[in-house]
Amino acid sequence: MRRRLLTALSSVILCACASTFGAPAAPAVADGPPAVWSAAPAPAGTDAPGPDDRTSFYLEGAAGAVLSDKLSLVNPTDRARSLELRASAPWISLAERQVRVPARTRADVPLSVTVPGDRDRSGAGDLSGAVVVKGEGREVRVPLALRVSGAPALPALAVENVRVSGAADGHGAVIRYAVVNRGNTVLAPRLDIRADGVFGTVLRRTVRDAPAALAPGRAVQRVERWADAPRLDSVTVRVTAAAEGGVRASGAASYTPWRWVVPVLGGSVLALVGAVVLVRRVRVRRRVVGRRRGLRGRVLDRIFTAPFPSACSCPALGATNTRQRPGPCPCGPGASLVALLLAVLVLFSSAGVASADGGSPALFLDRSEAGKGSAVVVTGEGWRAGALLTLLVCGQNMVGGTNDCANAEGRTVTTGSDGRFRRELVVAEPPRPCPCVVHVATVMGDAQGADVPLVVAGHPVAPVPSSARLGVLAARLEGSSGLLTWFGAPPERRLVVTVGNLGSGAVKDPVFRVGTARGVLAPVWEERKWHGTVPAGQRARVVFDVELGAGAHGPYEVSLKYGEKVVVTEPWDVGRPWGVVLFWGLLGCVVAVGIFRVGMVVVDRLRPPPAAPEGSGGPVLPWFAPGTLPPPE
């Protein structure tokens, strides 16, 4: 008892000492990630025009004019930050290259833009650049779009690489597409997605987080989740992009959940086979009871009587009683026709499943800007399974081919069985100035290639050479295969291209070259001259007829070249002429049956008749002997 009283008294003394002298404070726990600095255009209220929520600069002026704006640097932390500023274009000037921002302070850095003259612009109506801010291991890029007054405005949008596939978790589908600004003006596209199935519209959606400003030449890769996609339907998904000024573009792709269609098709075939067997048994029963008479009955008997008695163990040739007919054999010509029908259905269903995996290749980067020596992760899908690919960083939008690429620092990767890949690529400075792209192409087999924009920080930027003043604003293949193509006729399509004149002068009677390629072979080019004139800042619709050889099938690519640059590459998946395959298959069956019939006739003629039993009037002929009919009943 005394020990317990001493323990309680010591606890009271210790608590009193702690409350008197104070206990060490516990470390503070942050509610979230620590605040970092930010960079954005200066809000309204300063000398810079524009709304408070600007995310990029947009300036407009005549050639030779000097425009000004301000960049705001906000430091919400408890200590000062040192930030480095850099301009990505030579016509952007910054008042400071290095700024120290005190704690909990905003600093505004003036900048000026000198609008390039006609010689520096190469006839372009819009220019794009950026102000890059770097510090504390972080880098922020603030875009800057410059509109040159008086230059021809040519807005254009394109929706490319539309692909629909099943979600990885098995619930719903995923819609992937790219929105590209192919004109020379900054656009704010509105995106709508619509899916039409066999029984009507199953999806109608407006994308709410569409890009607010899409600079010329820029592409945005987007992924949309479709949670309630139909599980048993064939739908066409169409993505439409629209902007002010009547600019409109769309792209479409087909989607069919084959994992559900194949079981249904198999069940239908089994039901058909079961119905045929049931009808056949009913007919046999009717014949046994004597309800079928005349020529029709004899023809049906011959159809459902086995032509292969030895293999089917049918007693047709072994019958000794001329008045007793043998039962039907389950492997007669009727069953052969059912088996042939089943094989054709399975062949077409497998062909449909194989074609569902096709599509245009697509590329994605984990970030849109990186410096020399850093790494970006390149992800691709829609490529050929097991294909060897090369990854290169190229300048000048790869106008001059691989001569504009950093070939020594390239990488290779092999796609998986699902046509996807993921590879880390070290960023290197290409031998040509930006705009830069990551170029991915196949090494062997069917030619496939795709580009995705990449900003190489610190690398010079220069306008793309405009020796060819025409730019492609939209392109598509029109037409469909007819019945004759199904039987081996030459496939035909129309390549419809919308071109725009981005230069300052008119283009008269331009000469293009159209090429088709398959496999490892180089494209076969054919020169086509388009008669007409495209004024400066105007667009025109150009149509070329494309025809392949008879019986052509497989993946093809149709390319269009203007000058020394390939401006269009459209995939064309030509289906196999299954009508020819079916024709030769049926012909083979008919020939085989005919040869068998002739052989059976020869065997029957050469084989001696069976001996007649005692008391009969002569030899007994089998009921199924060629040239004989069953005795009257």
Side-chain angles (χ1 to χ4, degrees), residues 157-180 182 189 191-197 202-205 207 209-211 219-231 233-241 249-261 352-366 377-387 389 413 415-422 438 440-442 446-453 474-477 555-558 568-575:
L157 282 173
V159 179
E160 302 175 353
N161 297 330
V162 181
R163 299 183 68 250
V164 186
S165 59
D169 55 1
H171 299 285
V174 177
I175 305 173
R176 295 178 173 87
Y177 59 95
V179 183
V180 186
R182 292 194 174 275
L191 304 176
D192 296 321
I193 302 177
R194 175 172 176 171
D196 296 322
V202 295
L203 174 65
R204 185 172 294 172
R205 178 191 303 174
V207 180
D209 57 342
V220 177
Q221 305 283 346
R222 297 191 58 87
V223 178
E224 307 288 345
R225 180 67 183 266
W226 187 9
D228 55 347
R231 294 187 175 183
D233 198 355
S234 179
V235 299
T236 300
V237 179
R238 181 171 298 277
V239 181
T240 303
S250 63
S254 299
Y255 171 66
T256 303
W258 290 103
R259 62 180 183 273
W260 296 95
V261 173
V353 173
S355 64
D357 295 335
S360 302
L363 293 179
F364 306 95
L365 299 180
D366 62 338
V377 178
V378 186
T379 307
E381 58 183 25
W383 298 80
R384 192 174 63 252
L389 308 177
V413 66
T415 60
S417 58
D418 56 354
R420 300 182 179 182
F421 72 89
R422 181 183 177 88
V438 173
V440 180
T442 53
D446 296 335
Q448 285 184 314
D451 299 331
V452 60
R476 65 182 183 275
L477 281 174
Y556 279 81
E557 279 191 352
V558 180
V568 170
T569 300
E570 287 290 325
W572 183 7
D573 191 8
V574 184

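Of all the heavy atoms in Ala450 and Leu363, the pair that sits closest is O-CD1, 3.4 Å. Looking at every heavy atom in both residues, Ser417 comes nearest to Ala385 through O-CB, 3.5 Å. Considering every non-hydrogen atom in both Leu157 and Ala241, the closest pair reads CD1-CB, 4.1 Å. The two residues Ala195 and Trp226 make their nearest non-hydrogen contact at CB-CH2, 3.6 Å. Across Ser254 and Thr236, no two heavy atoms sit closer than the pair OG-OG1, 4.2 Å. The minimum heavy-atom distance linking Val235 with Pro230 is given by the pair CG1-CG, 3.9 Å.
Side chains of Trp383 and Val413 form no contact here, defined as non-hydrogen atoms less than 4.5 Å apart. When side chains are defined from C-beta on, Val239 does not count as touching Arg222, because their heavy atoms never get closer than 4.5 Å.
With sequence neighbours left out, Arg422 forms a salt bridge (charged side-chain N to carboxylate O under 4.0 Å, His left out) with no residue at all. Not counting sequence neighbours, the partners of Arg194 by the side-chain hydrogen bond (donor to acceptor under 3.5 Å, both in side chains) test are Asp196, Thr201. When the side-chain hydrogen bond (donor to acceptor under 3.5 Å, both in side chains) test is applied to Ser165, the partners found at least two apart in sequence or on another chain are Arg176.
Note that CZ of Arg238 is 13.0 Å distant from CD1 of Ile193, once rounded to the nearest 0.5 Å. Rounded to the nearest 0.5 angstrom, Glu160 CD and Gln221 CD are separated by 9.0 Å. Between atom CG of residue Asp418 and atom CD of residue Glu381 there is a gap of 9.0 Å, rounded to the nearest 0.5 Å. Atoms CZ and OG1, from Phe421 and Thr379 in turn, are 7.0 Å apart once rounded to the nearest 0.5 Å.
With hydrogens and angles ignored, the 3.5 Å screen pairs a side-chain donor or acceptor of Asp366 with a backbone N or O of Val377. Checked by atom type and distance alone, the side chain of Ser234 never pairs as donor or acceptor with a backbone atom of Thr256 at under 3.5 Å.
When each of Leu203, Val174, Leu191, Ile175 is tested with Glu224 by the rule side chain to side chain contact (heavy atoms under 4.5 Å, CB included), just one qualifies, namely Ile175.
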